[in-house]
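To start, the structure itself, in structure tokens.
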Amino acid sequence: MARNSGRNSGGPKYPRSARVGETLREIIAEDLVRFDDERLSFVTVTGIDVDPELNRAIVFFDSLAGEDGDEEIIEALGEYRVRLQSSIARQIKAKKTPILEFRPDIAIRSSERIDEILRADRERRS
């Protein structure tokens, strides 16, 4: 019979990278609110994919500006990348801080487009 060391008993049963990703999402979202930059006014961090080694993290975002604002938002986020990584390093207990990369959340936009098409189809059929 194996001994239960008490680790992970009753805790979440998902990979460490997913837990770190959720923590990063919270930290980054809080920091974005603090930045006084109009380019980031209506930006929402929708998710973060962290590689298993915690070397890199892709930060997915969406905004009210849609695709038209992506380039400007990516530029702004790039300017704040070092500050965000410093904030993350201060707040998480990890040996290293992942390097952040920023991308628009295409999945959310695709689902919104599908909703629009379905809505239009329902209206057309009515």
Near-ring test F102/F61, centroid separation under 6.0 angstrom: no

Using only atom types and a distance under 3.5 Å, with no angle test, would you say the side chain of S63 pairs donor to acceptor with the backbone of F42? no

When you measure from the side chain of S86 to the backbone of V82, do you find a donor-acceptor pair of N or O atoms at a distance under 3.5 Å? yes

Would you give the length of the straight line joining atom [atom1] of [X] to atom [atom2] of [Y], rounded to the nearest 0.5 angstrom?
X	Y	atom1	atom2	result
E116	D121	CD	CG	13.5 Å
L24	Q85	CG	CD	10.0 Å
R122	R119	CZ	CZ	7.0 Å
S17	D51	OG	CG	8.0 Å
R56	D49	CZ	CG	13.5 Å

Is the closest side-chain heavy-atom distance between E101 and R81 below 4.5 Å? no

Do L84 and F35 make a side-chain contact, defined as non-hydrogen atoms from C-beta onward lying under 4.5 Å apart? yes

Above 12 or not: heavy atoms from other molecules or residues under 6.0 Å from [atom1] of [X]?
X	atom1	value
E79	CD	yes
E67	CD	no
E53	CD	yes

For L54 versus K96, what's the shortest heavy-atom pair and its separation? O-CG, 4.1 Å

Shortest non-hydrogen contact between Q91 and S87, atoms and distance: NE2-OG, 2.9 Å

Do I58 and I106 belong together in a cluster built from hydrophobic side chains that touch within less than 4.5 Å? no

Could you tell me whether the side chains of T46 and D62 share a donor-acceptor contact shorter than 3.5 Å? no

Would you check if there is a donor-acceptor pair between the side chains of Y80 and D31 at a distance under 3.5 Å? no

Salt bridge check: are E22 and R19 linked by an N-O gap of less than 4.0 Å? no

Exactly one of L40, V59, L100, V45 clears side-chain contact (heavy atoms from CB on, under 4.5 Å) with L77, and that residue is L40

The test is side chain to side chain contact (heavy atoms under 4.5 Å, CB included); show your working for I88 and T23 and say whether it passes. CA-CA 9 Å; I88 290 166; T23 301; over 6 Å; no

